[in-house]
Amino acid sequence: MTLSIRPMAEKLEQLHALDPIGKIIGGTVRSVLKPGAFKDLLSGTWLGHPVHPALTDPTIGFWMGATALDFLGGKRFRPAAQRLIGLGILSALPTAVTGLSEFADISSDRPRRVATIHGLGNVGVLALYVASWRARRKGHHFRGVALSTAATGLVSGTAYLGGHLSFGLGIGVNQTAFQEASGEWVSVLTEDELPQGKPVLAEAENVLVMLYRKDGRIYALANRCSHQGGPLNEGDVEGTVVECPWHASRFELSDGSIVRGPATTPQPAYDARISGGRVEVRRRP
Ligand code: FES
C-alpha cells in the first residue's frame with residue numbers, strides 16, 4: 001500500500017513554474033557562499049555527513065514538544081510550551097542557513113523544484129511559529145495554539161519533502177555508495193592510452209574510474225564525485241589534487257581524501273599499475 005503523499009511530491013518535481021525562483025535563490029546563495037572553510041562548515045565536510053538534516057531534528061523536536069504540551073500538559077505547562085517554540089525559532093536559523101547552502105548545490109531541475117517548495121514552505125512555518133510566540137507572549141494563548149498547530153501541520157509536509165529530496169532524489173547521499181568492486185586487478189587501458197598529465201576515463205567492473213599519470217606514478221579515483229555525481233575527469237588537476245567541475249570539491253588523487261568540500265565523503269581510491277603493457281586498477285578496501 002502506498003499513501004498518496006509520494007505521488008504529490010512527484011508532481012512537484014514536474015512544476016516547471018518553480019524554475020525561475022529556484023534558480024534565482026540558488027544563484028544568489030552561490031554568489032555569497034563561495035567554496036571554502038565556511039561553505040565546508042555549513043555543508044558538513046567536517047562531520048562526514050551533510051549537517052542540515054541533523055539540525056532539523058532539534059528544531060522540529062522543540063516545536064513538536066510544544067504541541068504535545070499544548071494538548072496534553074494543561075495550563076501550568078503554557079510557559080514551557082512558549083519557551084520550546086522560542087527555542088525552535090532560534091534553532092531554525094542555522095538550520096535554514098545550512099539548508100540554503102545545500103539548495104545552492106542542487107544542479108538538476110527536479111530536486112530543485114521540490115527543494116524550492118520545501119524552503120518556501122519552511123519560511124511559512126517559521127512565520128507561523130513567530131506569530132504564535134508573539135500571540136502567547138501577549139496573553140492570547142488560544143490564538144497562539146491555533147497558529148502553532150497550523151505550523152505543525154505545515155512542517156510535517158515540508159519535512160516529508162526534505163525526506164523525499166534525500167531518499168527519493170538522492171540529494172545529500174554519497175553518490176559512490178553503490179559502487180561495488182571485487183578487489184581484483186582489472187585491466188582497463190593500454191599503457192599508450194594514458195598520457196602524462198591528462199585525466200583519462202576508464203571503466204573497471206562497471207564503475208567509471210578517472211586515471212591520472214604524473215611523474216611515473218598512476219593515480220586512480222572513482223570518477224563520479226561523491227557529492228552530487230560530477231565527472232572528475234572533466235575537472236582541473238593541480239599537483240595531485242583534482243577539483244570537481246560542478247561545485248569545486250577537491251580530492252587528493254593518492255587516497256581520495258577531501259581537500260575541500262562541499263563533499264562530505266572521500267572519493268573511492270584505486271591502486272594502479274602497469275602490467276604487460278596494460279594499465280590495471282584495483283579498488284582499495
Ligand atoms: S558534484 Fe558537487 S563537488 Fe562534485
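All ligand and atom numbering here is 1-based and tracks the order in the structure. For the numbers below, each heavy atom of this structure counts, side chains included, while hydrogens, waters and symmetry mates do not. The structure displayed is predicted, hence computed values, not measured ones.
Nearest N/O/S atom of H227 relative to atom 2 (Fe) of ligand 1: this is ND1. If you look at H247 and ask which of its N, O or S atoms sits nearest atom 2 (Fe) of ligand 1, the answer is ND1.
In this structure, the protein non-hydrogen atom closest to atom 3 (S) of ligand 1 is S249 OG, 3.2 Å.
Within 6.0 Å of the CG atom in D255, the count of heavy atoms belonging to other residues, nucleotides or ligands exceeds 12. Other residues, nucleotides and ligands contribute more than 12 heavy atoms inside 6.0 Å of the NE2 atom of H141. Counting heavy-atom neighbours within 6.0 Å of E238 CD, excluding the residue itself, gives a total of 12 or less.
Listed by number with element, the atoms of ligand 1 under 4.0 angstrom from any heavy atom of W246 are 1 (S). If you number the atoms of ligand 1 from 1 as listed, the ones under 4.0 Å from a heavy atom of G230 come out as 1 (S).
Taking 2.8 Å as the criterion, C225 counts as a coordinating residue of atom 4 (Fe) of ligand 1, since one of its N, O or S atoms falls below it. Between atom 2 (Fe) of ligand 1 and C244 there is no N/O/S contact shorter than 2.8 Å.
A salt bridge is defined here as a Lys NZ or Arg NE, NH1 or NH2 lying under 4.0 Å from an Asp or Glu carboxylate O, and E243 with R260 meets this definition.
H164 pairs with exactly one of M8, R6, H118 by the side-chain contact (heavy atoms from CB on, under 4.5 Å) rule, that one being R6.
Classified by interplanar angle (parallel below 30°, tilted 30° to 60°, perpendicular above 60°), the ring pair H227/H247 is perpendicular.
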